[in-house]
Amino acid sequence: MVMKGNVTTIRKCLKKKMDPSRYEHTVGVAYTAMCLAMKYGEDLYKAELAGLLHDCAKCYTNDVQLAKCEKYNISITEVERKNPSLIHAKLGAFLAMNKYGVTDMDVINAILNHTTGKPAMTLLEKIVFVADYIEPRRNKVPNLSEIRRLAFEDLDRAVCVILKSTLEYLETKDDVIDEMTVRTYEFYQNEGKEEIRNESIEGSSKVGL
Ligand code: DGI
Ligand code: FE
Ligand code: FE
């Protein structure tokens, strides 16, 4: 155990271990998660902690991540084996708990689910999922300024748009798609439809996704 949930100490430790651009991203996610927490009424400290630690397993190469999973008996699915860039979420959640001393399960789950998302996420899970995508240093994805605006207007719709765009990107790359990413997209797409149904019952003409 390195330390106990102190964000300043955690930040110093990550800065030492991560390459500079990953560290910049990490800090960007932490602050963006805090901004979203302000907007949606989540605990700021939990948002900062989850944001700081969400990619903590990326201190290690894919091979080292795999070796650590074996060492700590963390099971790897077939899809994760084919696509090791998915593993850091699981290993990161484990390290957050066992190395960085995080005990809050909401924070652990936000780290665990930050890459594929999952249906019916908690507010903190959605905040970290969205912050990871929109943080200020991220610049290689399409329509970012629109998604950034949407994130502060309708978090669920932002989750849905991000998943749609991630799935489209993965299809162009011919990468193996984790079933959870698809299930999450379908869940949030249907959430949107549910909203449209409710709105039309109420007589509103607002168009959803
Ligand atoms: O760790 P980051 O680079 O900040 O971002 P991330 O944790 O979202 O994960 C990196 C990649 O994972 C990103 O390019 C999108 C991708 N990803 C999300 N869902 C899936 C996926 N990759 C595969 N192969 N399959 C998925 O279902
Ligand atoms: Fe990540
Ligand atoms: Fe990230």
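Atoms within each ligand, like the ligands themselves, are counted from 1 in listed order.
Side-chain contact between Tyr60 and Leu95 is present, with at least one heavy-atom pair separated by less than 4.5 Å. Side-chain contact between Tyr188 and Asp156 is present, with at least one heavy-atom pair separated by less than 4.5 Å. Within the 4.5 Å cutoff, side-chain heavy atoms of Leu155 are placed close to those of Leu123. With a 4.5 Å cut-off on side-chain heavy atoms, Tyr23 and Arg11 count as touching. Side-chain contact between Tyr133 and Val161 is absent, with no heavy atoms from C-beta onward closer than 4.5 Å. A 4.5 Å side-chain heavy-atom check between Lys90 and Leu112 finds at least one atom pair inside the cut-off. For the pair Thr184/Met121, a side-chain contact is recorded, criterion being any heavy-atom separation below 4.5 Å from C-beta on.
In this structure, the protein non-hydrogen atom closest to atom 1 (O) of ligand 1 is Lys58 NZ, 2.9 Å. Of all protein heavy atoms, the one lying nearest to atom 15 (C) of ligand 1 is Thr166 CG2, 4.0 Å. Among all non-hydrogen protein atoms, the one lying nearest atom 5 (O) of ligand 1 is Asp132 OD2, 3.5 Å.
Closest heavy-atom approach to atom 9 (O) of ligand 1 within the set Thr26, Leu170, Thr115: this belongs to Thr115. The residue from Asn83, Thr181, Val176, Val29 that puts a heavy atom closest to atom 25 (N) of ligand 1 is Val176.
With the Fe ion (ligand 3) at the apex, Asp132 OD1 and Asp55 OD2 define an angle of roughly 170° (rounded to 10 degrees).
Among the backbone and side-chain atoms of His114, an N/O/S atom is found under 2.8 Å from the Fe ion (ligand 2).
Contact annotation: for Asp55 versus ligand 1, heavy atoms closer than 4.0 Å belong to the side chain alone. Only the side chain of Arg22 comes within 4.0 Å of ligand 1, counting heavy atoms alone; its backbone N, CA, C and O stay farther away. With a heavy-atom cut-off of 4.0 Å, Met180 does not touch ligand 1 at all. For Arg138, every heavy-atom contact with ligand 1 shorter than 4.0 Å involves the side chain, none the backbone.
Atoms of ligand 1 lying under 4.0 Å from any heavy atom of Ile177, numbered from 1 in the order shown and given with element: 25 (N), 27 (O). Those atoms of ligand 1 that come under 4.0 Å of a heavy atom in Asp178, given as number and element, are 25 (N), 26 (C), 27 (O). Within the listing of ligand 1, atoms 4 (O) sit less than 4.0 angstrom from a heavy atom of His25.
The pair Glu42-Lys126 does not meet the salt-bridge criterion, since no charged nitrogen lies less than 4.0 angstrom from a carboxylate oxygen. Asp175 has no carboxylate O lying under 4.0 Å from a charged side-chain N of Lys82, or vice versa, which leaves the two without a salt bridge.
Within the 3.5 Å criterion, the main-chain N or O of Ala57 finds a donor-acceptor partner in the side chain of Gln65.
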- Message: Would Arg138 and Asp132 count as a salt bridge (Lys or Arg N to Asp or Glu O under 4.0 Å) here? Give the steps.
- Response: CA-CA 8 Å; Arg138 178 91 74 186; Asp132 191 20; 3.1 Å; yes
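In His25, the N, O or S atom that comes nearest to the Fe ion (ligand 3) is NE2.
Note that atom 13 (C) of ligand 1 has no protein non-hydrogen atoms nearby, at separations under 4.0 angstrom.
By the 3.5 Å distance cut-off applied to N or O atoms, His88 is counted among the residues near ligand 1.
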